[in-house]
*Asks:* 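Sharing a structure, written as C-alpha cells. Questions coming.
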Amino acid sequence: MAIILAIETSCDETAVAIVNNRQVLSSIVSSQIELHKTYGGVVPELASRQHLEIINPCISQAMEEAGLNWQDIDAIAATCTPGLVGALLVGMAAAKTLAMIYNKPFLGVHHLEGHIYASYLAQPELKPPFLCLLVSGGHTSSIYVKDYGKYELLGSTRDDAAGEAFDKVARLLNLGYPGGPIIDRLAQSGNSKAFPLPEGRISLPDGRGYHPYDFSFSGIKTAVLRLTEKLEAEGEIPVADVAASFQHTVAKVLAKRSVKCALDNGLDTITIGGGVAANSGLRKYLTEAAQKHNLKVYFPPLKFCTDNAAMIACAAAQHFNLGHRSQLDLEVRSRMRIDKVLELYQ
Ligand code: KG4
Ligand code: ZN
C-alpha cells in the first residue's frame, strides 16, 4: 500500500491528486483552456503564472476531498519532465517544499509514464507487457511497456503531434481551440471519403521503404491548407467534409500502425492515452482493427486520458513500492527519453 500525493503542472492543467496504489482518493484538475483560448494555443509564461496562483488551493482541495491528514501521506510526487520548464518548476517546487516540511520521500515522475499509468488506473488488473499508443497535444508515441519502469519507444511522430495537427487544422478552418473535439463533432456529418489526403510516411534510408511505426502529420496539415485554399477560391468550403476526411486519415493511420506494431512485437494488448483517445474515429478504427486481429484494446475514461495528477500519483506509487526515491535536487527537464525513467531514482 502506498498513499501518494502528486502534482502535475507540465502544460496547461494545474492538477493535484491522491491515490492509494491504483485507487484514486481525490483528483483535482483546473484547466487553463479559457485563459489560452484567445491566443489559439498555450502561452508558456501565462501557464506558469496561473499554476502559481492556484497550486495551493488545488493541494488543499485534494487533501480535503480525500479526507486525509499529512501523516497519512507516504510520499509526494511531481511531474519533472517533459514539459514547459517554467510550468514544471511550479509543481516541482511545491512538491519538494511539501516533502521537506512534512519529511516525506519525494519522487519525480516522467509525464509520459504518467499517461501510461492512466490505463493501470482504469484497468486495475492490467499487467505488462503491452503497447501504449500515446496521442496528445504534445506527443504521439507507440511505447512498448516491457515491465514496470521499463519502456522502449517503438514509434513516434517526426513533426507535429496528432492533437497538434487537429488543433492546427481547426485553426486554419477558423473553428476555434482546442480543435480536436470540434473537428470530431463536425466529422460526424461529413463525408470522410470526400477528399483523399496523404498518410504521412517516413522514408527509411537508402530507399528501403517506410518506417512501419513512425508518424508524420505536417504533410497532412499542409495538404488540408492547400485544399482549403483551392476550395475557397472555387466557392464555399465544405467544412464538415474536410473535417471528416482529415479525421478519417489521421485515425486510420494511428490505428493501422499501432496494430502492426503490436502484432510485430508479439503483444496482445493495446492501451491508449492522451486527449486524442477521445476521438470517435480513432476509437472506431482501432476497435475494428483489434477485433480482426484478436487484440485487446483499452480506452481509459477521458478524465484519465487528458492531463491529470492521478496518473502521475499512480506511476509514483509503483516506483515507491519498488523502493525508488528521487533526490530533492532533481531538476526539471523540457525533454527526456521514456526509456531513461529509472535515472530519476536512486
Ligand atoms: O492529453 P491532452 O489533454 O493534453 C496534452 O498533454 O497535450 O491532449 C489535448 C489534445 C488537444 O490537441 C485536443 O485537440 C485533442 O487532445 N483532443 C482531440 C479530441 N479531444 C481532445 N483530438 C481529436 N478528437 C477529439 N475528440
Ligand atoms: Zn499529457
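By convention here, the first residue in the shown sequence is residue 1. Counting convention: from 1, in listed order, for ligands and their atoms alike.
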*Asks:* What residue pairs, at least two apart or across chains, pass ring-ring contact (aromatic ring centres under 6.0 Å, His included) with a residue in residues 299-344?
*Replies:* His319-His324, His319-Tyr345, His324-Tyr345

*Asks:* Give the minimum heavy-atom separation between Ala243 and Leu186, together with the two atoms involved.
*Replies:* CB-CB, 4.0 Å

*Asks:* Kindly confirm or rule out a cation-pi arrangement of Lys146 over Tyr144, judged by NZ or CZ under 6.0 Å from the six-membered ring centre and within 45° of its axis?
*Replies:* yes

*Asks:* Assess whether salt bridge (Lys or Arg N to Asp or Glu O under 4.0 Å) is satisfied between Lys256 and Glu199, documenting all intermediate values.
*Replies:* CA-CA 11 Å; Lys256 207 163 70 181; Glu199 286 201 353; 3.1 Å; yes

*Asks:* Give the ring-plane orientation class for His248 versus Tyr285, where under 30° counts as parallel, over 60° as perpendicular and anything between as tilted.
*Replies:* perpendicular

*Asks:* The Zn ion (ligand 2): which protein N, O or S atoms are under 2.8 Å away?
*Replies:* His111 NE2, His115 NE2, Asp307 OD1

*Asks:* Tabulated below should be the N or O atoms of ligand 1 paired with protein N or O atoms at under 3.5 Å; can you produce that?
*Replies:*
unit_1	atom_1	unit_2	atom_2	d
ligand 1	1 (O)	Gly275	N	2.9
ligand 1	6 (O)	Asp307	OD1	3.2
ligand 1	6 (O)	Asp307	OD2	3.2
ligand 1	7 (O)	Gly137	N	2.7
ligand 1	7 (O)	Gly138	N	3.3
ligand 1	8 (O)	Gly137	N	3.4
ligand 1	8 (O)	Gly275	N	3.4
ligand 1	12 (O)	Gly163	O	3.1
ligand 1	12 (O)	Asp167	OD1	3.4
ligand 1	12 (O)	Asp167	OD2	2.7
ligand 1	14 (O)	Asp167	OD1	2.7
ligand 1	14 (O)	Gly180	N	2.9
ligand 1	20 (N)	Gly275	O	3.4
ligand 1	24 (N)	Asn279	ND2	2.9
ligand 1	26 (N)	Asp184	OD2	2.9

*Asks:* Please round to the nearest 0.5 Å and tell me the distance separating atom CG of Leu267 and atom NZ of Lys296.
*Replies:* 11.0 Å

*Asks:* Tell me whether the rings of Phe166 and Phe246 are parallel (<30°), tilted (30 to 60°) or perpendicular (>60°).
*Replies:* perpendicular

*Asks:* Going by ring pair (Phe, Tyr, Trp, His ring centres under 6.0 Å), name the residues that satisfy it together with Tyr210, two or more places apart in sequence or in a different chain.
*Replies:* none

*Asks:* Are more than 12 heavy atoms from other residues, nucleotides or ligands located less than 6.0 Å from atom CD of Glu234?
*Replies:* yes

